[in-house]
Amino acid sequence: MKNNFFEDVYEVVCLIPKGRVTSYGAIAKYLGSKMSARMVGWAMNAAHTRPEVPAHRVVNRSGLLTGKHHFGTPTAMQEALQAEGVQVVDDRVVNFKELFWDPQQELG
DNA sequence: ACACTGACCACTG
DNA sequence: CCAGTGGCCAGTG
């Protein structure tokens, strides 16, 4: 695989603490100008090939579970989050602002 | 090489 | 709050 690209995204996603969430844009910023939020979303599509990647912890900038349709079932993402103690209502992370985990801030 | 798409984001009015 | 616009970069037909 020449796409290290994905590996960088996966690495950051795997670093997200349990019960916390982050956004595509935050990951993009952390990885640098080489990455854009759209690319992160695109990379997450390939995350299906990496079961170790907690893709459910990645939501859009408003805490909306935009990627839920890419999981096996429509409720898989929500249930995965709730299983970690993250409350989800109407496809949106409750208290998202508090649970938000910024890699740029937390890692360096 | 061209056009279109995509789990997005920020800015403007 | 909502709609429109531009940017981002790689994949696909």
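We name chains A, B, ... by the order of the sequence lines, and we start the count at 1 in each one. Please read these numbers as outputs of a predicted model, since none were measured by experiment.
- With a 4.5 Å cut-off on side-chain heavy atoms, A:V53 and A:V58 do not count as touching.
- Taking CH2 from A:W101 and CG from A:L107, the interatomic distance works out to 4.0 Å, rounded to the nearest 0.5 Å.
- Residues meeting the salt bridge (charged side-chain N to carboxylate O under 4.0 Å, His left out) test with A:D102, sequence neighbours left out: none.
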Checklist outcome for this item: For DNA chain C, the expected dot-bracket line (Watson-Crick or G-U under 3.5 Å, [ ] crossing, | inter-strand) is .||||||.|||||
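- Using a 4.5 Å cut-off on side-chain heavy atoms (C-beta onward), A:M77 and A:H70 make no contact.
- Partners of A:Q82 according to the side-chain contact (heavy atoms from CB on, under 4.5 Å) rule, which considers only residues two or more places apart in sequence or in another chain, are A:Q78, A:V88.
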Checklist entry - Base, backbone or nothing for each nucleotide of nucleotides 7-13 of chain B, written B, S, -, heavy atoms under 4.0 angstrom, 5' to 3'? => result BBSS---
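- To the nearest whole angstrom, the two C1' atoms, one in B:dA7 and one in C:dG4, are 22 Å apart.
- Under the 4.5 Å side-chain heavy-atom criterion for Ile, Leu, Val, Met, Phe, Trp and Tyr, A:L15 and A:V40 are members of the same hydrophobic cluster.
- For A:E84, the salt bridge (charged side-chain N to carboxylate O under 4.0 Å, His left out) test picks out A:R57, with sequence neighbours left out.
- Considering only residues two or more places apart in sequence or on other chains, A:F96 meets the ring-ring contact (aromatic ring centres under 6.0 Å, His included) condition with A:F100.
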